[in-house]
Amino acid sequence: MFNRYLSRYASTPIFTIVGCVIILFVYNHVSLKPCRTDDKFLKNALPVVTTVYTTRPRTTAQTGDGYLPIDVPWTAAHNKDDYVKAKFDKSCYTATLPFHIPKALRNDSELHERDCVQRVPRAIIPGIRKCGTAALQHFLTVHPYITGPILEVHFFDSKGKYNTNGDSEPSYGWYKQQMPYTTVEEIGIEKTPAYVFRPPDLPRRVAEEMPPETVFIVTLCDPVRRAVSDYLEYNRKKTGTEEMMGLHKYVGETFESSVIRNGYLDQLNEFVDMGIYLKHLLRWLDHIPMNRLHVVDGGILAEDPALELRKIETFLGVPHFFRREHFYRNESRGLQCMSFPSTQHCLPLNKGRVHPDVALDVFKQLCDFYRPYNLALENLFRQKFTWTEIC
Ligand SMILES: Nc1ncnc2c1ncn2[C@@H]1O[C@H](COP(=O)(O)OS(=O)(=O)O)[C@@H](OP(=O)(O)O)[C@H]1O
């Protein structure tokens, strides 16, 4: 009976129109848009990603349920004098302001007594650039058991400092010198957001040469906002080359003209490419196990830093110090800043800028492009990111 109807109506215009309407509906609503991608990675790797990587073990930090754990009483988290004791009594430095920047080194005999040496970091923040890495490093080094340099170290991505030519040993002595002195209990952390992207064999070198217990913390944020932030930063500094590490970085008069070429999204443009987090992180996961990589939701970090910091504390195995009361929103800058242990302070003015609106069609193209990668990323980490809702 059905076949009779099908053969009678299949060739009629009505049937064709209804068919087209259905196809158009699916095309527009079920997100099957190809985004003009001929990217082999997307086609070949995504099915692998969801099956291979989701079977890996996960750490407690990655399974956090979004609620702050019940506070273990720690007066250092409320009382400034107790904080100073917790941070400095056993440390290699004496207390100076601001407390999170190690400045006044103890004398030689005290350093020896405390087994203070400059060590390679136990934790590295290798990215993602423009996703709040500076705020993260700043906040983490306020923790009584965590310390690190405020400036980016750029060891693994620099030919001068790390021997990327391979003709002599890399200078780990130099790397250690960039780190503050630490006792064996303290965790040294460095952030260099360029590590995530380049050079291509960086993750392998880090995995092979750093101690196997080294862990990695990556902040991920809305890739469209990230691209705009990167564009603004490029214009602020007006440095760098247009061709960097094989990635094309065309910088036009506007953000839109930088990322759209001949009407299409320029996927190779570094501003765009950097937002394909999945691709970059998979390079790392080829060399380091999943349970040594902790992913921070940059959207939450920007709004409720204590929540993300508590998950990192669990991941690093340090006692919970951070409290929501340590943070306040600076309304004029629209940023979360700290008010403990010293006076209220925010990051410098080059962070937390007002972004221009992105033209709607460009915004949509970028969203459509990133959507499948973001979905696969959420599958990979079995985590819903707040910023994937934005598109
Ligand atoms: N608490 C707090 N303070 C300051 N900035 C914050 C904070 N939380 C998130 N952000 C966002 O971080 C963006 C800068 O990212 P990064 O620090 O990773 O930039 S960099 O890679 O080190 O240049 C920065 O981007 P811009 O707004 O473009 O400046 C901020 O949006």
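All ligand and atom numbering here is 1-based and tracks the order in the structure.
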Among all protein heavy atoms, pick the one closest to [atom] and tell me residue, atom and distance.
{"atom": "atom 18 (O) of ligand 1", "result": "Thr133 OG1, 2.6 Å"}
{"atom": "atom 17 (O) of ligand 1", "result": "Ala134 N, 3.0 Å"}
{"atom": "atom 31 (O) of ligand 1", "result": "Arg225 NH1, 3.2 Å"}

So if I count the atoms of ligand 1 from 1 in the order they appear, which ones are less than 4.0 Å from some heavy atom of [X]?
{"X": "Leu335", "answer": "2 (C), 3 (N), 4 (C), 5 (N), 6 (C), 7 (C)"}
{"X": "Ser229", "answer": "25 (O), 26 (P), 28 (O)"}
{"X": "Lys351", "answer": "4 (C), 5 (N), 14 (C), 16 (P), 17 (O), 19 (O), 20 (S), 22 (O), 23 (O), 29 (O)"}
{"X": "Asn350", "answer": "29 (O)"}
{"X": "Pro193", "answer": "21 (O)"}
{"X": "Ala135", "answer": "1 (N), 2 (C), 3 (N), 7 (C)"}
{"X": "His355", "answer": "26 (P), 27 (O), 28 (O)"}

Query raised in the report: Salt bridge check: are Lys85 and Asp89 linked by an N-O gap of less than 4.0 Å?
Result: no
Query raised in the report: Between Glu303 and Arg329, is the closest basic N to carboxylate O distance under 4.0 Å?
Result: yes
Query raised in the report: Between Glu233 and ligand 1, which part of the residue brings a heavy atom under 4.0 Å of the ligand: side chain, backbone, both or neither?
Result: neither
Below 4.0 Å from any atom of ligand 1, is there a heavy atom belonging to [X]?
{"X": "Arg333", "answer": "no"}
{"X": "Val228", "answer": "no"}
{"X": "Glu152", "answer": "yes"}

Query raised in the report: So, Tyr234 versus Asp230: side-chain donor-acceptor pair below 3.5 Å or not?
Result: no
Query raised in the report: Parallel, tilted or perpendicular: which describes the rings of Phe321 and Phe340, with under 30° parallel and over 60° perpendicular?
Result: tilted
